[in-house]
J.: 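One structure coming up, written as structure tokens, with questions to follow.
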Amino acid sequence: MANQEPIRNEELFSAERLEQIRAEQDVEHKWQKGVQLSESEHMFTSTGTKIDHHTEVMQKFHETGYATPIVSHIMPTDVCNLACSFCSVGNRNDAKGKKFYGLDLDKIETYLDTLTLRGLKAVILSGGGEPTAYQDREGHNFRDLISAIKERDLEIGLITNGTMLDRYNDVIDNSFKWVRVSLYPSEYGLEILNVEKPLPKETTLGFSLVIAENIREGGPSGGAYKLSNDEGELLRHYKGHVEEILPFIQNKGGQYLRLTPDCHVHGEAFIRLHNVAEALKAEYSDVKTEDGRPIALHQHKMHGTPGNCYLGFFHPVLYADGLVYPCDSNILNDDIDRRFKPEYAAATWDTADKLYNYPVTSLVNTGKMCPRCVFTRNNNRLENVLNYGPNTSQGPAPNHVNFI
Ligand code: SF4
């Protein structure tokens, strides 16, 4: 893998297929025009607005075209103890079926050293697989990975299925700025979670529920699975789940429930799932945190095509295959399979420095390779900064400012 240049294949889509995808997107764009993002959405998800608070980094970007890493995703393993049907990275192996188990810790450390010297402030651990199941060929595990990150004085965000969290209570200290537990209640009940011990008070605990078309015939927890495109039926189904989940979250001291549609769905069907999320948010708006904020949060994810892709310079993603990708969602673009494809890679674990040695150029040909980018707002924001300079008129830095 060392020094191996990723292949650049811009032929993932035919011109006809791109045209079809754009037609689906027109529907989404029309809907998006009426959307107002909430304060909670800006605070707990990546909407692009936190970029504005990194004034020095953005000023340098505007004046020179050189980028600075702020946060990096690390997806350290492909192994997971669950098998959720709508996992965003459902196909966690290479084109020949080889699985990427744990990326060697020394490779992760080399990568972290490179980026830390360049200014990295935070790391998000997520999947692919389940990060707490991480184990490399030398036997290093999640505990060793956390030590390596803490040694470099980096903030940590963790996205987890929550089934093994209690095993690591001793390492979850205030360097963890947030922990987000993904819920899959149609397939796995809340009883599989192990979040019995309270997290440090500096650590925001959040939960995430993907609104998907895959529901059970007999109600939330019984009967055979089926795909539904009936908005009323989907809403009834997810109400059953949310009514069980919200008291659970309050009991655990959770700060939010992120409701977001399955991003593998497109066009009218995607809007239907958004409508369900919005209706759920409205229905449960009186269920609040101790400081009076509604727990339910609708994340308005949307597919689009940015003019250029710069996000990966500021928020690169090291995947279990040892490659560095421009984002964690490039798999959403094609219909081939749910697999990270080397065609999108920008560097390798030991060549990430090259991202910062030159002024930026787009990491992918967005028009040909990324018709379904869910970070279009973020990329457009960066394009705006590059062309016109940072917005210096924003208020105080929000919580989790380094998780752009
Ligand atoms: S354009 Fe969007 S989807 Fe494509 S690589 Fe960049 S951030 Fe990811």
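We count ligands from 1, going down the list as the structure has it; atoms in each ligand are counted the same way. Here, residue 1 is the first one in the sequence, and each next residue gets the next number.
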J.: Do the ring planes of H274 and F270 sit parallel (below 30°), tilted (30 to 60°) or perpendicular (above 60°)?
T.: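 Correct class here is perpendicular.
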J.: What is the closest protein heavy atom to atom 3 (S) of ligand 1, and at what distance does it sit?
T.: N333 ND2, 3.4 Å
J.: Pick one: which of K341, R372, K368, R339 meets salt bridge (Lys or Arg N to Asp or Glu O under 4.0 Å) with D334?
T.: K341
J.: For a quick check under 3.5 Å, do Y134 and D144 share a side-chain donor-acceptor pair by atom type?
T.: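 There is no such pair between these side chains.
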J.: Looking only at the aromatic ring of each residue, does the gap between the centers of F61 and F313 stay below 6.0 angstrom?
T.: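 Distance test on ring centres: not under 6.0 Å, no.
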J.: Is it true that S46 and N378 share a donor-acceptor pair across their side chains at a distance under 3.5 Å?
T.: yes
J.: Enter the distance from I21:CD1 to H266:NE2 here, rounded to the nearest 0.5 Å.
T.: 7.5 Å
J.: Within a radius of less than 6.0 Å around CD of E233, do more than 12 heavy atoms belonging to other residues, nucleotides or ligands occur?
T.: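 It does: E233 CD has more than 12 such atoms within range.
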J.: Report the protein N/O/S neighbours of atom 6 (Fe) of ligand 1 that fall below 2.8 Å; do not count waters.
T.: C309 SG
J.: Please work out whether any backbone atom (N, CA, C, O) or any side-chain heavy atom from C-beta onward of N378 is under 4.0 Å from ligand 1, and answer side chain, backbone, both or neither.
T.: neither
